[in-house]
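Sequence positions, counted from 1, serve as the residue numbers for this chain. As the structure lists them, so they are numbered: ligands from 1, and atoms in each ligand from 1. Computed from a predicted structure; not experimentally measured.
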Amino acid sequence: MTEELSIGMLGYRFMGKAHSNALERLPMFFPDAPAVERDVLIGRDQEALDDAADQLGFARTSTDWRAVIDEVDVFYNLGPNHVHADPSVEALEAGTSVFCEKPLAHTLEDATRMRDAARQSSGTSGVTFNYRFIPAIQYAKELIESGELGDIRHIRGVYLQDWLADPSAPWSWRLDEEMAGSGVLGDLGSHTIDLIRFLVGQQAGDIERISGNLQTFVPERPTPDGSEVRDVTVDDAFTAQAELENGATANIEASRYATGHKNDLSIEVNGSNGSLRFSLENLNELEYKGANDRGFQSILVTDESDPYVDHWWPAGHILGWEHTFVHTNYEFLSAVAQGSDHTPSFEEGYRVQELLDAIERADERNEWVNTS
Ligand code: SOE
């Protein structure tokens with residue numbers, strides 16, 4: 001009987017449900033995944049915590065992360081960005097592995113502490129950049145790294161939502177610089193920047209210099225209970241241009257005001273011999289134009305030979321958003337069980353944080369910033 005990995009999870013709302021659902025699916029669809037025990041759910045409101053522990057399948061609860069982080073094998077940090085550093089650093093110092101939601105932290109200073117703690121720890125670190133683990137994205141990476149697209153010339157990463165387009169949409173921690181660090185830049189831009197590096201890093205190198213333009217459209221919003229109005233102190237939308245080591249250009253954009261777009265992450269890569277396009281709203285498909293194709297063809301990336309698909313259903317029985325969390329949990333927990341590194345680790349999470357910080361500095365200075 002392999003040793004069960006005990007899990008402590010801080011946070012039990014949206015991401016708590018996404019990751020708990022993933023843990024529930026693993027034994028049935030990934031029988032070679034390490035066995036896990038959902039041991040302790042961590043939060044502040046005991047009544048809400050009790051209800052969530054029942055719903056998400058945790059054995060017990062705690063309102064004090066310090067009391068439990070050395071009692072578990074793996075600590076999931078799904079809290080607001082400003083809560084990422086202290087519990088993760090103390091868990092890693094105790095030898096506990098840490099899986100932390102993106103962005104790594106709300107400041108580059110905190111991200112540095114987390115990176116350094118991971119370097120010193122016997123535990124495994126991971127950042128939940130779940131979109132790397134979509135079969136179509138993995139296939140795109142294979143095509144790029146095989147040289148099929150030729151030399152990489154352009155990459156476009158755009159992540160559009162519209163949940164703030166209504167000015168009466170309530171204030172939340174994501175709109176506060178003290179708690180979030182940045183707005184859509186860190187929330188959605190971190191995914192896009194990570195994917196750009198994941199897809200073309202080997203062929204085009206890293207981002208060498210970058211610009212930034214951050215905008216806030218609605219400066220204050222009502223609190224959820226309507227009792228007061230609070231300032232919005234982060235960006236609602238951003239654009240950035242970048243140059244990669246091989247001279248490729250990148251255009252990066254994200255917004256929470258893109259009316260009509262719900263969760264629309266799209267990536268396009270243009271090479272000297274071919275191009276590919278991906279949209280999260282059609283996450284099973286990859287549009288590809290190879291050297292001998294007249295135009296783009298749509299490939300349904302659901303063959304059993306495609307990454308992860310053989311764990312699920314026959315070809316054509318498409319996957320969804322939640323499967324990306326099952327895949328990333330499978331890879332991370334397998335690394336923990338083997339005592340090996342996971343990618344993306346806190347090292348990659350730190351590099352993304354450096355680029356987020358560079359975009360903010362470029363915006364403040366109204367000039368491009370070197371990032372190498
Ligand atoms: C923001 O609305 C959000 O929930 C992000 O925080 C997630 O990382 C993204 O996957 C979906 O949108």
- Message: Taking the six-membered ring of Tyr288 as reference, does the cationic atom of Arg277 (NZ for Lys, CZ for Arg) lie under 6.0 Å from its centre and within 45° of its axis?
- Response: no
- Do Lys141's NZ or CZ and the ring of Phe198 fall within the cation-pi criteria of under 6.0 Å and 45°? yes
- If you scan protein heavy atoms around atom 4 (O) of ligand 1, the nearest is Phe14 CE2, 3.3 Å
- Message: With the threshold set at under 4.0 angstrom, would you say His191 reaches ligand 1 through any of its heavy atoms?
- Response: yes
- Options Trp163, Tyr159, Phe325, ranked by nearest heavy atom to atom 11 (C) of ligand 1, top entry: Tyr159
- Message: Does Arg209 qualify as a cation-pi partner of Trp368, given the criterion of NZ or CZ under 6.0 Å from the six-membered ring centre and within 45 degrees of its axis?
- Response: yes
- Message: Side chain or backbone, does Asp187 bring an N or O within less than 3.5 Å of an N or O on ligand 1?
- Response: yes
- Is the backbone of Phe29 close enough, under 3.5 Å, to the side chain of His311 for a donor and an acceptor to pair up by distance? yes
- Message: Tell me the contacting part of Asn130 for ligand 1: side chain, backbone, both, or neither, using a 4.0 Å heavy-atom threshold, strictly below.
- Response: neither
- Query: Judged by non-hydrogen atoms, does Arg256 sit under 4.0 Å from ligand 1?
  - Reply: no
- Message: Assess, by modelled atom type and distance only, whether the side chains of Arg156 and Asn270 contain a donor and an acceptor separated by less than 3.5 Å.
- Response: yes
- Item | Any side-chain donor near an acceptor of the partner, Asp64 and Ser62, under 3.5 Å | no
- Task: Could you tell me the residue and atom name of the protein heavy atom closest to atom 10 (O) of ligand 1, and the distance to it rounded to 0.1 Å?
- Result: Tyr131 OH, 2.6 Å
- Query: So Phe99 and Phe332, would you call those rings parallel, tilted or perpendicular, with 30° and 60° as cut-offs?
  - Reply: parallel
- Task: May I ask you to list the atoms of ligand 1 that are less than 4.0 angstrom from any heavy atom of Arg174?
- Result: 6 (O)
- Message: Quick test: of every protein heavy atom, which one is nearest to atom 12 (O) of ligand 1, and how far off is it to 0.1 Å?
- Response: Gln161 NE2, 3.0 Å
- Item | ligand 1 atoms in contact with Lys102 (distance to a heavy atom under 4.0 Å) | 5 (C), 6 (O), 7 (C), 8 (O)
